[in-house]
Amino acid sequence: MTTIKLHNTKTRKREEFVPIDPENVRMYVCGPTVYDRAHLGNARPVIVFDVLYRLLRHVYGPDHVTYVRNFTDVDDKINARAAESGRSIAEITAETTQWFLDDMAAVGALEPNEMPRATAYIPQMVKMIEGLIASGHAYAAEGHVLFAVESYKEYGALSGRSIDDMIAGARVEVAPYKRNPMDFVLWKPSDADTPGWDSPWGRGRPGWHIECSAMSYELLGAHFDIHGGGNDLMFPHHENEIAQSCCAHPGSGFANYWLHNEMLQVEGKKMSKSLGNFFTVRDLLDQGVPGEVIRFVMLSTHYRKPMDWTEKKREEAEKTLDALLSPLSIAVAHRAVPSNAWGDVPKGIRETLIEDLNTSGALTCLRASAELVGKLAEGRGPGESDGATLQVACVEFLTGLEVLGLYELMLKRAARKRDNKDLLDDVHLRFVIARNLAMQTKDFSTVDQLKAGLKQAGVEVRMTKESVELVPGPEFNPAILEALK
RNA sequence: GGCGAGUUGGCGGAGUGGUUACGCAGCGGAUUGCAAAUCCGUGUACAGGAGUUCGAUUCUCCUACUCGCCUCCA
């Protein structure tokens with residue numbers, strides 16, 4: 001059996017991943033609060049954990065992995081958005097949820113098996129809070145219910161903090177009803193204008209952290225394998241989740257492996273509205289940056305390192321992905337399709353991905369796999385180049401694309417290129433005629449003029465003695481093409 | 001102040017206790033009407049210091065610098 005190794009934040013070490021039940025590997029990842037479009041940083045954990053999900057499915061079988069990612073649809077940011085826009089909360093959360101699904105699909109993320117909404121689990125949260133009060137881990141005060149951090153010895157273990165240190169460094173005013181400044185809200189009162197649910201503590205709404213504890217318990221049980229999210233969630237969100245869940249279900253252990261991705265930067269700086277380098281996934285897509293490019297750039301940096309989104313990387317990704325199109329068409333022409341079998345993933349990708357999700361290394365191996373397809377198809381591969389060898393290489397290449405989440409996206413990319421190529425039919429014919437003539441007359445002025453125009457329109461001209469091929473590049477602009485006529 | 005992560009060649013970015021990926025850019029060549037694309041070849045690196053070791057870029061410690069988090073931001 002293949003052993004995946006993962007860096008566990010809990011132990012700060014790379015550990016062998018041993019599932020609780022190989023028949024049902026369970027993973028929970030914190031999803032978005034649905035009040036606005038997902039920005040590029042939001043896409044990073046989605047893509048990272050999508051690769052992990054695909055990896056687990058290949059290793060343990062597609063039907064033996066349960067992946068849960070929530071939607072937090074009750075939150076004060078949502079309330080604020082509703083108040084300022086005059087729209088209803090339900091309208092905002094429904095719309096934002098669909099945006100998120102659309103945008104993440106565009107970057108090739110599979111939908112998790114379960115996508116629970118927090119508001120559908122309010123009774124479960126109330127029940128969990130009642131249990132925490134009963135066991136002395138929480139207390140009600142002035143309409144709030146607070147978790148008593150001092151009741152949980154391990155509090156701070158995940159993020160490596162002590163309660164005393166945190167109090168010393170606290171920058172925020174402490175609410176008077178808290179027994180300990182670090183106590184956090186499980187439930188808070190709602191006024192008439194704020195969404196609320198009836199509870200033993202009056203009409204109110206849940207605090208931030210309890211929804212993940214309640215939903216992971218309902219859908220994955222008290223003890224499951226992997227819990228993921230961005231490293232900014234380590235404290236306080238995940239720390240609080242652990243405290244709530246472990247105290248509500250003593251002895252369960254909650255999640256065995258905690259995975260955290262590093263943050264995203266843009267051109268070397270933190271993405272922020274004040275710096276003016278803030279953009280959403282949708283912004284990029286609308287600007288013509290396709291999903292596979294976003295995904296490729298994301299995967300080209302290891303998930304535990306800061307990932308810098310730059311224009312240069314975007315350009316390089318376009319070129320690299322274009323270079324995969326020819327092997328892709330060869331594989332498709334050979335009627336190859338991706339396989340679910342772990343053994344059909346190219347060896348190099350298998351070896352790199354199981355080492356704490358080394359996606360950058362895997363992309364290098366993917367290129368090598370593509371190159372092999374090209375060489376075998378031209379009959380100049382290593383060793384015996386028979387049809388069977390080529391067939392295997394094709395399946396492996398496509399399976400490699402699939403496990404990295406690039407297969408479907410690349411098929412679409414290929415289709416777009418074909419559509420663009422159709423637009424070039426007229427000019428292609430003219431070019432061929434002009435060139436044939438020029439070959440006789442040795443006057444290449446018309447040909448060069450046409451070529452310059454095509455280049456301007458973002459079209460690459462590839463000539464051999466016998467043929468002319470026009471390849472639209474990433475900067476292809478059909479409007480400029482029109483001007484050539 | 002507390003906690004954590006990082007510092008690899010011109011750029012990006014893996015990895016390893018000894019044989020020094022890979023991509024882009026560069027350079028040389030093949031090819032070409034000229035090009036592009038492609039193919040072949042090629043140079044340059046492990047922040048600084050100390051230690052462990054037969055040997056460290058890889059392990060340990062220290063220093064410097066960068067970055068992130070520290071109550072609702074993935």
Side-chain angles (χ1 to χ4, degrees), chain A residues 7 9 12 29-33 35-36 38-49 72 75-77 156 158-162 164-175 178 181-185 188 207-209 228-237 239-240 260-265 268-272 297 300-302 304-308 310 312-313 315-317 319-320 322-323 326 348 352 355 358-368 374-375 378 380 435 438-439 441-444 447-448 451-452 454-455 459-465 468-471 473:
Chain A
H7 182 92
T9 309
R12 303 183 197 291
V29 174
C30 292
T33 299
Y35 69 103
D36 205 351
H39 64 246
L40 191 60
N42 296 120
R44 191 172 189 195
V46 173
I47 292 171
V48 164
F49 292 106
T72 296
D75 184 278
D76 288 350
K77 284 198 295 289
L158 180 73
S159 52
R161 298 152 198 253
S162 76
D164 290 344
D165 286 345
M166 285 188 283
I167 293 170
R171 304 183 303 201
V172 174
E173 209 176 321
V174 177
K178 288 189 180 180
M182 296 314 295
D183 288 352
F184 58 90
V185 172
K188 55 188 166 187
W208 176 30
H209 318 290
N231 77 350
D232 57 334
L233 292 180
M234 233 163 94
F235 185 87
H237 183 57
E239 202 73 72
N240 293 355
H260 292 97
N261 63 276
E262 252 292 352
M263 298 293 99
L264 175 122
Q265 302 183 324
K269 295 195 171 127
K270 177 173 175 158
M271 181 165 82
S272 72
V297 172
S300 66
T301 297
H302 185 87
R304 289 198 305 114
K305 285 195 172 183
M307 140 93 223
D308 195 12
T310 63
K312 190 172 177 210
K313 283 187 184 174
E315 279 172 24
E316 284 189 12
K319 281 163 81 171
T320 307
D322 275 347
S326 161
T352 48
E355 291 295 334
N358 180 357
T359 50
S360 174
L363 289 176
T364 296
C365 299
L366 182 70
R367 273 198 301 266
K375 283 188 174 170
E378 288 174 24
R380 55 187 185 84
R435 179 155 182 270
M439 294 288 258
T441 64
K442 299 294 171 198
D443 173 11
F444 288 92
V447 178
D448 286 341
K451 194 168 77 176
L454 283 163
K455 194 178 170 189
V459 180
E460 196 181 282
V461 182
R462 297 181 187 174
M463 281 181 263
T464 66
K465 275 204 163 67
V468 173
E469 196 185 357
L470 301 184
V471 183

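Letters go in sequence order (proteins before strands), and every chain restarts at 1. Only this structure's heavy atoms are used, side chains among them; waters, hydrogens and symmetry mates stay out.
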Give none if [N] has no partner; otherwise give the nucleotide forming a Watson-Crick or G-U wobble pair with it, both distances under 3.5 Å.
| N | answer |
| --- | --- |
| B/G6 | B/C65 |
| B/A14 | none |
| B/G1 | B/C70 |
| B/G41 | B/C27 |
| B/U19 | none |
| B/A56 | none |
| B/C34 | none |

Between [options], spot the one nearest the side chain of [X], thanks.
| X | options | value |
| --- | --- | --- |
| A/Glu316 | B/A74, B/C24, B/A14 | B/C24 |
| A/Lys312 | B/C11, B/G13, B/C67 | B/C11 |
| A/Asp232 | B/G33, B/C72, B/A74 | B/A74 |
| A/Lys178 | B/G68, B/U71, B/C22 | B/U71 |
| A/Arg462 | B/A36, B/G33, B/G68 | B/A36 |
| A/Glu460 | B/A37, B/U71, B/G23 | B/A37 |

Taking all heavy atoms of [X] and all of [Y], pick out the closest pair and write down the distance.
| X | Y | value |
| --- | --- | --- |
| A/Val447 | A/Ala438 | CG2-CB, 3.8 Å |
| A/Arg44 | A/Leu264 | NH1-N, 4.5 Å |
| A/Thr352 | A/Cys365 | CG2-SG, 4.3 Å |
| A/Phe235 | A/Ser159 | CD1-OG, 3.7 Å |
| A/His260 | A/Thr9 | ND1-OG1, 2.7 Å |

Heavy atoms only, 4.0 Å cut-off, all strands: where does [X] land among base, sugar-phosphate and nothing?
| X | result |
| --- | --- |
| A/Asp448 | base |
| A/Gly41 | base |
| A/Val185 | nothing |
| A/Phe444 | base |
| A/Leu264 | base |
| A/Lys188 | base |
| A/Gln265 | sugar-phosphate |

Exercise. With distance as the sole test, does A/Glu262 use its side chain to make a donor-acceptor pair with the main-chain N or O of A/Asn231 at under 3.5 Å?
Worked result: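 Here the side-chain-to-backbone pair does not exist.
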For this session: Ignoring hydrogens and angles, tell me if any N or O in the side chain of A/Arg12 forms a donor-acceptor pair with the backbone of A/Leu158 under 3.5 Å.
Result: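 Checked: pair present.
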Exercise. Taking the inter-plane angle between the rings of A/His209 and A/His237 on a 0 to 90° scale, is it parallel (under 30°), tilted (30 to 60°) or perpendicular (over 60°)?
Worked result: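 If you compare the ring of A/His209 with that of A/His237, the planes turn out tilted.
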[N] and [M]: how far apart are their [atom1] atoms, nearest whole angstrom?
| N | M | atom1 | value |
| --- | --- | --- | --- |
| B/G10 | B/U63 | P | 29 Å |
| B/G6 | B/C62 | P | 16 Å |
| B/U31 | B/G41 | C1' | 15 Å |
| B/G28 | B/G15 | C1' | 29 Å |
| B/U42 | B/C54 | C1' | 34 Å |
| B/C22 | B/G18 | C1' | 22 Å |
| B/A14 | B/U57 | C1' | 13 Å |
| B/C40 | B/A5 | C1' | 42 Å |

Nearest-Å distance for atom pair [atom1]/[atom2], residues [X] and [N]:
| X | N | atom1 | atom2 | answer |
| --- | --- | --- | --- | --- |
| A/Met463 | B/G33 | CE | P | 9 Å |
| A/Met263 | B/G4 | CE | C1' | 12 Å |
| A/Phe235 | B/U71 | CZ | P | 7 Å |
| A/His237 | B/C3 | NE2 | P | 24 Å |
| A/Lys269 | B/C67 | NZ | P | 10 Å |
| A/Met234 | B/G2 | CE | P | 17 Å |
| A/Met271 | B/G68 | CE | P | 13 Å |

Does [X] place a side-chain N or O at less than 4.0 Å from the phosphate oxygens OP1/OP2 of [N]?
| X | N | value |
| --- | --- | --- |
| A/Lys270 | B/C69 | yes |
| A/Lys305 | B/U7 | yes |
| A/Thr301 | B/G13 | yes |
| A/Lys465 | B/G33 | yes |
| A/Lys313 | B/C11 | no |
| A/Lys375 | B/C39 | no |

Exercise. Hey, are the side chains of A/Asp308 and A/Lys313 touching, using non-hydrogen atoms and a 4.5 Å cut-off?
Worked result: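 A side-chain contact under 4.5 Å exists here.
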For this session: Tell me which of A/Pro181 and A/His7 sits closer to the 5' end of RNA chain B, going by the nucleotide each one is nearest to.
Result: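 Mapping each residue to its closest nucleotide by heavy atoms, the 5'-most match is A/His7.
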For this session: Tell me which of A/Thr364 and A/Arg12 sits closer to the 5' end of RNA chain B, going by the nucleotide each one is nearest to.
Result: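 The residue whose closest nucleotide sits nearer the 5' end is A/Arg12.
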Using only modelled atom types and a 3.5 angstrom limit, is any donor from either the side chain of [X] or the base of [N] paired with an acceptor on the other?
| X | N | result |
| --- | --- | --- |
| A/Lys451 | B/C34 | yes |
| A/Asn358 | B/G15 | no |
| A/His302 | B/A14 | no |

